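No experiment lies behind these values; they were computed from the predicted model shown. Note that these values count all heavy atoms, side chains included, but never hydrogens, waters or copies made by symmetry.
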Amino acid sequence: MIVMKFGGTSVGDADAIRRLVDIVLAASHERPLVVVSAMSKVTNALVALDAAIASGHPAIVEAGIRQLEERHFSAADALGITASDRGALAPLFVSLRSIATSEAGQPSSPRRRDLIAGFGELLSSQLVVGAFSAAGGPASWFNARRVIITDDHFGSAIPDENRIHENARSQLAPLLAEMIAVTQGFIGATPDGAPTTLGRGGSDFSAALFGAALGAERVEIWTDVDGLMSADPRLVPEARLLATATYDEAAELAAFGAKVLHPATQLPLVEAGIPIVIRNTFAPARPGTWIRADDNAEDALPVRSISFKPGVTVVQVRAPRMLGAYGFLRRIFEVFEQHEVVVDVLATSEVSVSLTVDDVSRLEPVVRDLRLVGEVGVRGERGVIAVVGRGIRETPGIAARVYTAIADVNVEMISQGASASNLTFIVKEADGPAVVRALHRTFFPEVA
């Protein structure tokens, strides 16, 4: 069997859902499990709805629910879904209104946000099941929360992979032996049934968890691009498709700006050796990118792609008094752990540490506590450039070529060595696009 995950744009309207149905029916002989995201922008609307509920303005809340209702029922009409097949949509909106009424004026919480945010996938998956029925290829709706068991870290829950394996084999595998099943990405539940989410973009992760648990032949991620590219084509129009990539390369690209694949996706699949395929819903004939543990393709270039991640903030902690003392790094990272702030890139010296963060919503208390350790500097509007390729560490001269290509740009922070497949550095955000283009011309001259 295979897992076929479709993102928000791939279920964004009736036309996109029809394409999805055609793609899946063409692969029906492979016993697909279909994993869907919410319709594009619906999760954002649901998060905004949660904030409106907290504000205690029922008219705003009702307007938000009606917009969601109209969008989903309009799609159902366009898909020709019968009244009986769309019957599961109405109870979901009844539940959403009930939550809004009971929680009106109450402060938001991670637990409630997860409950409300998960409605997007529940709604889209019902639309997709109805679309299969309308197309004459019935499929069965399956509640992902029966399988995806997590802890109670609402907002970014940690899956219990042992429980997931047990549940998938006992509850989902028998269904897949009989027909196509449609389920949800992104959502899960605690052992006692409290709804959770795997974090934004977590539908890819869900697909990987299902694939690993079911021993899938492959996991296909269907999106609105052809696959992994040598650079973001919005910055480099001549960027080329990567026919293949390794798990490590894909992970580095996902972590440092490439939004095609969620960074955690490959983790459950690596041990099982299950490949991932990135495909384009809007151009299904194109081959996409295959991601495997080992990549012995003819493309042996040491650098495979250049990625850019804007919106980064650099935090520098300097403490000369810690020269020769132990515990400096421990004290710094305890602060970030206490405030649950994720660190991306790190560079250290004996008395100074520079690191980057994406989420600055909790940065003020972090800086306050770091000042107990040493002098703290904060620089916003920075970007991470990652030069990614499995041959970077073993190929002489890569760093020299990188810095020659961007000799006119001020590089503020460099990190290399923790990963064998990337060279990462920080520049001003405004310089990022030009840096990507310069590096692409250097390492991919044949497509310049």
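The pair Arg218-Glu220 meets the salt-bridge criterion, since a charged nitrogen lies less than 4.0 angstrom from a carboxylate oxygen. Electrostatic pairing of Glu412 and Lys428 does not count as a salt bridge here, judged by no charged N lying under 4.0 Å from a carboxylate O. Using a cutoff of 4.0 Å between basic side-chain nitrogens and carboxylate oxygens, Arg66 and Glu70 are not scored as salt-bridged. Taking 4.0 Å as the cut-off between side-chain N and carboxylate O, Asp22 and Arg19 do not count as a salt-bridged pair. Salt bridge annotation for Asp152-Arg111: absent, with no cationic side-chain nitrogen under 4.0 angstrom from a carboxylate oxygen. Of the charged side-chain nitrogens involved, none lies within less than 4.0 Å of a carboxylate oxygen, so that Glu252 and Arg390 do not count as a salt-bridged pair. Salt-bridge check for Glu429 with Arg379: failed, with every basic side-chain N at 4.0 Å or more from each acidic carboxylate O.
No hydrogens or angles considered: nothing links the side chains of Ser74 and Asp77 as a donor-acceptor pair under 3.5 Å. No hydrogens or angles considered: nothing links the side chains of Asp248 and Thr246 as a donor-acceptor pair under 3.5 Å. Judged by distance alone, the side chains of Ser108 and Asp50 do bring a donor and an acceptor atom under 3.5 Å apart. Inspection of the Thr244 and Arg292 side chains reveals no N or O donor paired with an N or O acceptor under 3.5 Å. Side-chain atoms of Asp114 and Thr196 form no donor-acceptor pair, as typed in the model, at a separation below 3.5 Å.
The CZ atom of Arg86 sits 9.5 Å away from atom CG of Leu79, with the distance rounded to the nearest 0.5 Å. Taken to the nearest 0.5 Å, the CZ atom of Phe186 stands 5.5 Å off from the OG1 atom of Thr43. Considering CD1 of Ile180 and CZ of Phe132, their distance stands at 5.0 Å, rounded to 0.5 Å. For the atom pair Leu115 CG and Thr197 OG1, the distance stands at 11.0 Å (nearest 0.5 Å).
In terms of modelled atom types and a separation under 3.5 Å, the side chain of Ser28 and the main chain of Leu25 share a donor-acceptor contact. Here the side chain of Arg279 pairs a donor or acceptor atom with the backbone of Pro284 at under 3.5 angstrom. A donor-acceptor pair under 3.5 Å links the side-chain atoms of Asp151 to the main chain of Ile158, judged by distance alone. Looking only at distances, no side-chain donor or acceptor of Ser98 sits under 3.5 Å from a matching main-chain atom of Val94. A side-chain donor-acceptor contact under 3.5 Å links Ser305 to the backbone of Ser230. Looking only at distances, a side-chain donor or acceptor of Gln184 sits under 3.5 Å from a matching main-chain atom of Phe142. A donor-acceptor pair under 3.5 Å links the side-chain atoms of Asn167 to the main chain of Arg146, judged by distance alone. The backbone N or O of Gly188 lies less than 3.5 Å from a partner atom in the side chain of Arg145, making a donor-acceptor pair. No donor-acceptor pair closer than 3.5 Å links the side chain of Arg437 to the backbone N or O of Val435. A donor-acceptor pair is defined here as one N or O able to donate and one able to accept, closer than 3.5 Å; no such pair exists between the side chain of Thr265 and the backbone of Leu261.
Counting all heavy atoms, side chain and backbone alike, Leu228 lies closest to Leu241 at O-CD1, 3.5 Å. Nearest approach of Val378 to Thr313, heavy atoms of both residues: CG1-CG2, 3.5 Å. Nearest heavy atoms, Ala45 versus Leu68: CB-CD2, 4.0 Å. In terms of heavy atoms, His57 sits closest to Ser55 at ND1-OG, 3.1 Å. Nearest heavy-atom pair, Pro433 versus Phe308, reported as atom, atom and distance to 0.1 Å: CD-CE2, 4.0 Å.
By the salt bridge (Lys or Arg N to Asp or Glu O under 4.0 Å) test, Arg362 is found to be paired with Glu340, residues two or more places apart in sequence or in another chain being considered.
Ring planes of Phe6 and Trp222: parallel class, angle under 30° (limits at 30 and 60°).
Open room surrounds CD on Glu381; 12 or fewer heavy atoms of other groups in view lie less than 6.0 Å from it. Counting non-hydrogen atoms of neighbouring residues, nucleotides and ligands closer than 6.0 angstrom, the CD atom of Glu337 reaches no more than 12 such neighbours.
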side-chain hydrogen bond (donor to acceptor under 3.5 Å, both in side chains) evaluation trace for Glu249 with Ser421: CA-CA 6 Å; Glu249 289 170 334; Ser421 57; over 6 Å; no
